[in-house]
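Here the structure is a predicted model, which is why all the values come from computation and not from measurement. Every chain is numbered from 1 and lettered A, B, ... according to where its sequence line falls, protein lines coming before strand lines. Side-chain atoms are counted along with the backbone in the values below, which use heavy atoms only and exclude waters and symmetry mates.
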2 protein chains.
Amino acid sequence: MNAKDLNTEQAILKAAKNVFVMKGMEGARMQEIADEAGINKALLHYYFRSKDKLFEAVFKEALFKLMPNLLDLMKKDLALFEKIKLFVENYINTINENPHIPAFIIHELNRNPERVAELIKSTGINPSFFVNQVYEEIEKGTIEPVNPFHLIVNMLAMCIFPFIARPILQYIIFNEDPKVYAAFIEQRKKEVSEFVINAIKKK
Amino acid sequence: MNAKDLNTEQAILKAAKNVFVMKGMEGARMQEIADEAGINKALLHYYFRSKDKLFEAVFKEALFKLMPNLLDLMKKDLALFEKIKLFVENYINTINENPHIPAFIIHELNRNPERVAELIKSTGINPSFFVNQVYEEIEKGTIEPVNPFHLIVNMLAMCIFPFIARPILQYIIFNEDPKVYAAFIEQRKKEVSEFVINAIKKK
DNA sequence: TTATGGTTAAACCCATTGATTAAACCATAT
DNA sequence: ATATGGTTTAATCAATGGGTTTAACCATAA
């Protein structure tokens, strides 16, 4: 595989990502991907065999772009509140750079739950480290006795949701002004971590 | 329109809802909807003209099923903490009865943001009553000075997210056991409202 | 220069699918 | 009984779109 190949292959992947992420597997057209990449449609099959294979390549890349951060962070040796702050800021930043990927994953998750679940499983993601850390803090009496699984889901939810519901928020709450929406997302880094810490810390 | 019509039309809508919600506009097949309804494919066009029209009917019904609750509740004359409790329980219950609709709406939201936004706008939904109530409580010093828009987004997020991410949670966290997942959702009604109230109340 | 082999593109194939048509069906009214 | 008109179906159409084929292109090596 030489440099030219890499270029074409990367161009295809990039174009395919754009189209698949916005329209999903079923809504995407091979012709549109080819146009977006500025190449002939047959080349898509030359490099990736089939639409399904191409989709899988794109999907894996998209999925793994949002996973490793999460994985590393959870296991870090940090105080719980620091970890929460870091997680929220870090994760909102990551999604902000790929704002359509969550909705893309969610759609595929509904279309093909087992396949996606298998993929995620294969990353070896495991919340037990973080869960134990939460239990320890509860023991110590520094936080309320919250269920750590609900805590994780709450944090993920608050980070991800504003991106998948963006059109609603932007058109309804923010009068269609993208600037205001962007500022809202920026605020959230602080607002959410404070919200979470306030919710659990013992006073 | 007589009783027979109503039956057929309702049968079509029900079948179309099942298929569209699970597979989206592009993934759905008119033949599959006809089969699910137990009728001839041409009848779909007889009653709804086109796939697009049928989809629109299904989508509106799905959207408005999740909206009115929200609307009425926000304007009720209730103390803030009571309102939060009621909202969370009520909304989780509503979604639990139609667990696939949020992901369905989100996908359509990405495919066609303006159209969905217009539809939602047309419901006349307006958060200002709730927003003002939050500001009043901040004045009174009963809650921390949180941004009410973030508060709304946080509550929506925590209610909706576990349903759209269900396969991940169920397969990864809950070892594929639907019973455990159902119990988790049941717990959330209490867990989330306590989480929110704890996060904002002044102590 | 020419042979080789990977890369690219144009043209084509054909299964799928949304939509239409024409005829059959059937309940109701005269 | 039969005429009417809404309902349902089978058959068909036309377009779309994923995939294939064939040949042209072009860099590299002998």
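Of the listed nucleotides (dT17(C), dT8(C), dT21(C)), dT21(C) has the atom at the smallest distance from the side chain of Ala42(B). Distances from the side chain of Leu43(B) to the nucleotides dT8(D), dG18(D), dG18(C) place dT8(D) closest. Closest to the Lys41(B) side chain, of the nucleotides dG18(C), dG19(D), dA9(C), is dG18(C). Of the listed nucleotides (dG18(C), dG18(D), dA10(D)), dG18(C) has the atom at the smallest distance from the side chain of Lys51(B).
When the C1' atom of dT20(C) is taken as reference, atom CG of Asn40(B) falls 12 Å away, rounded to whole Å. Rounded to an integer number of Å, the gap from Phe48(A) CZ to dT20(D) P is 16 Å. Note: CZ (Phe20(A)) to P (dG17(D)) measures 13 Å, nearest angstrom. For Tyr47(B) and dG18(C), the OH to P distance is 20 Å, given to the nearest whole Å. Distance CD (Gln31(A)) to P (dC12(C)): 16 Å, rounded to an integer number of Å. The CG atom of Asn7(A) sits 12 Å away from the P atom of dT7(C) (whole-angstrom rounding). Distance CZ (Arg49(A)) to P (dT21(D)): 13 Å, rounded to an integer number of Å. When rounded to the nearest whole Å, the span between CZ of Arg29(B) and P of dG17(D) equals 11 Å.
If you look at Phe104(A) and Phe55(A), their ring centroids are closer than 6.0 Å. For an aromatic pair to be called close, the ring centres must be under 6.0 Å apart, and His100(B) with Phe163(B) fails this. Aromatic rings from Phe149(B) and Phe184(A) are positioned such that their centres are separated by 6.0 Å or more.
Contact between the side-chain N/O atoms of Thr8(B) and the OP1/OP2 oxygens of dT7(D) is not found at any separation under 4.0 Å. Neither OP1 nor OP2 of dT20(C) sits under 4.0 Å from any side-chain N or O of Tyr46(B).
Across all strands shown, Ala28(B) has heavy atoms under 4.0 Å from sugar-phosphate atoms exclusively, and none from any base. Residue Leu44(A) is classed as having no contact, given no heavy-atom separation below 4.0 Å to the nucleic acid.
Salt bridge absent: Lys53(B) and Glu56(B) never bring a charged side-chain N and a carboxylate O closer than 4.0 Å. Between Glu194(A) and Lys85(A), none of the side-chain N atoms (NZ, or NE/NH1/NH2) sits under 4.0 Å from a carboxylate O, so this pair counts as no salt bridge.
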